Student: 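Can you keep this structure in mind? I'll have questions shortly.
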Amino acid sequence: MNMNDQDLGHKLKLKYGTAPNDPSANQLELIKRDIKALVAKGITPTENDWAEIVKRHCPSAGSYGYSGADTSDLITLLQLATKN
């Protein structure tokens, strides 16, 4: 997993309250694939899109809370998800 993926995974964990080991490398690839598919259709992913996609691939989402949670905006998440 490269640094962008690690950063994205960490931000998703904090923002969506996933389990400590989520998203795994495989889950992260699936999340990125779904986000990129929306972008390829000309759709800018909304907060709801992100939440649904993360929950689909990380069923633990919403089950954990992290103090000092990062409130990264969607633009930052999108940039990280679509970087090669």
Side-chain angles (χ1 to χ4, degrees):
M1 194 180 307
N2 65 42
M3 288 298 289
N4 286 330
D5 284 351
Q6 288 176 351
D7 193 26
L8 176 60
H10 180 74
K11 288 180 185 316
L12 291 174
K13 176 192 315 278
L14 295 179
K15 184 165 185 69
Y16 296 104
T18 66
N21 293 323
D22 288 348
S24 67
N26 185 52
Q27 289 168 318
L28 191 57
E29 285 306 312
L30 294 171
I31 292 166
K32 288 170 46 178
R33 180 200 66 197
D34 288 359
I35 292 296
K36 287 178 182 179
L38 289 177
V39 171
K41 293 178 185 176
I43 299 169
T44 300
T46 64
E47 178 75 35
N48 191 50
D49 293 329
W50 276 97
E52 287 178 11
I53 290 168
V54 171
K55 183 70 175 172
R56 181 180 317 134
H57 298 298
C58 298
S60 68
S63 300
Y64 293 79
Y66 299 95
S67 64
D70 186 2
T71 56
S72 297
D73 65 352
L74 295 177
I75 293 171
T76 301
L77 292 175
L78 181 60
Q79 289 170 341
L80 289 169
T82 57
K83 278 186 180 178
N84 291 328

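Treat the numbers as computed from the prediction; the structure is a model and nothing was measured. Side chains included, hydrogens not; waters and symmetry mates left out as well; all remaining heavy atoms used.
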Student: Counting N and O atoms only, with roles assigned by atom type, does the side chain of Asp7 sit under 3.5 Å from a partner on the main chain of Asn4, one being a donor and the other an acceptor?
Tutor: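 Pair absent, no side-chain N/O of Asp7 close to backbone of Asn4.
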Student: Within the 4.5 Å heavy-atom criterion, are Glu47 and Lys15 side-chain neighbours or not?
Tutor: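 SC-SC contact between Glu47 and Lys15 confirmed.
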Student: Hey, are Lys32 and Glu29 close enough for a salt bridge, meaning a charged N less than 4.0 Å from a carboxylate O?
Tutor: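 A salt bridge links Lys32 with Glu29.
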Student: Give a yes or no on whether the backbone of Gln27 and the side-chain of Ser24 come within a donor-acceptor separation of less than 3.5 Å.
Tutor: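 Yes, the answer is positive, given that a donor and an acceptor are paired below the 3.5 Å cut-off.
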Student: Could you walk me through whether Lys13 and Asp22 satisfy the salt bridge (Lys or Arg N to Asp or Glu O under 4.0 Å) test, starting with their C-alpha distance in whole Å, then the side-chain angles of each, then the deciding distance to 0.1 Å, before giving a yes or no?
Tutor: CA-CA 7 Å; Lys13 176 192 315 278; Asp22 288 348; over 6 Å; no
Student: Between Leu8 and Ala81, what is the shortest heavy-atom contact and its length?
Tutor: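 So the minimum-distance heavy-atom pair works out to CD2-CA, 3.6 Å.
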Student: Run the side chain to side chain contact (heavy atoms under 4.5 Å, CB included) test against Asn21 and tell me which residues pass, sequence neighbours left out.
Tutor: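 For Asn21 there are no side chain to side chain contact (heavy atoms under 4.5 Å, CB included) partners, ignoring immediate neighbours.
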Student: Can you find a heavy atom in the side chain of His57 that is under 4.5 Å from one in the side chain of Glu52?
Tutor: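 Heavy-atom side-chain distance check fails, nothing below 4.5 Å.
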Student: Using side-chain heavy atoms (C-beta onward) and a distance below 4.5 Å, is Trp50 in contact with Ile35?
Tutor: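 With C-beta onward as the side chain, the pair touches.
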Student: I need the single residue from Asp34, Leu38, Ile53 that forms a side-chain contact (heavy atoms from CB on, under 4.5 Å) with Pro45. Which is it?
Tutor: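 Of all the options given, the one that passes is Leu38.
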Student: Report yes or no: do Leu30 and Val54 belong to one cluster of Ile/Leu/Val/Met/Phe/Trp/Tyr joined by side chain heavy-atom distances under 4.5 Å?
Tutor: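 No, Leu30 and Val54 fall in different hydrophobic clusters.
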Student: I'd like to know whether Cys58 forms a side-chain contact (heavy atoms from CB on, under 4.5 Å) with Leu12, so could you lay out the CA-CA distance, the side-chain angles of the two residues, the decisive distance to 0.1 Å, and finally the verdict.
Tutor: CA-CA 10 Å; Cys58 298; Leu12 291 174; over 6 Å; no
Student: So, for Tyr64 and Pro20, which heavy atoms are closest and what is the spacing to 0.1 Å?
Tutor: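 Scanning both residues completely, I find the closest heavy atoms to be CE2-CD, 3.6 Å.
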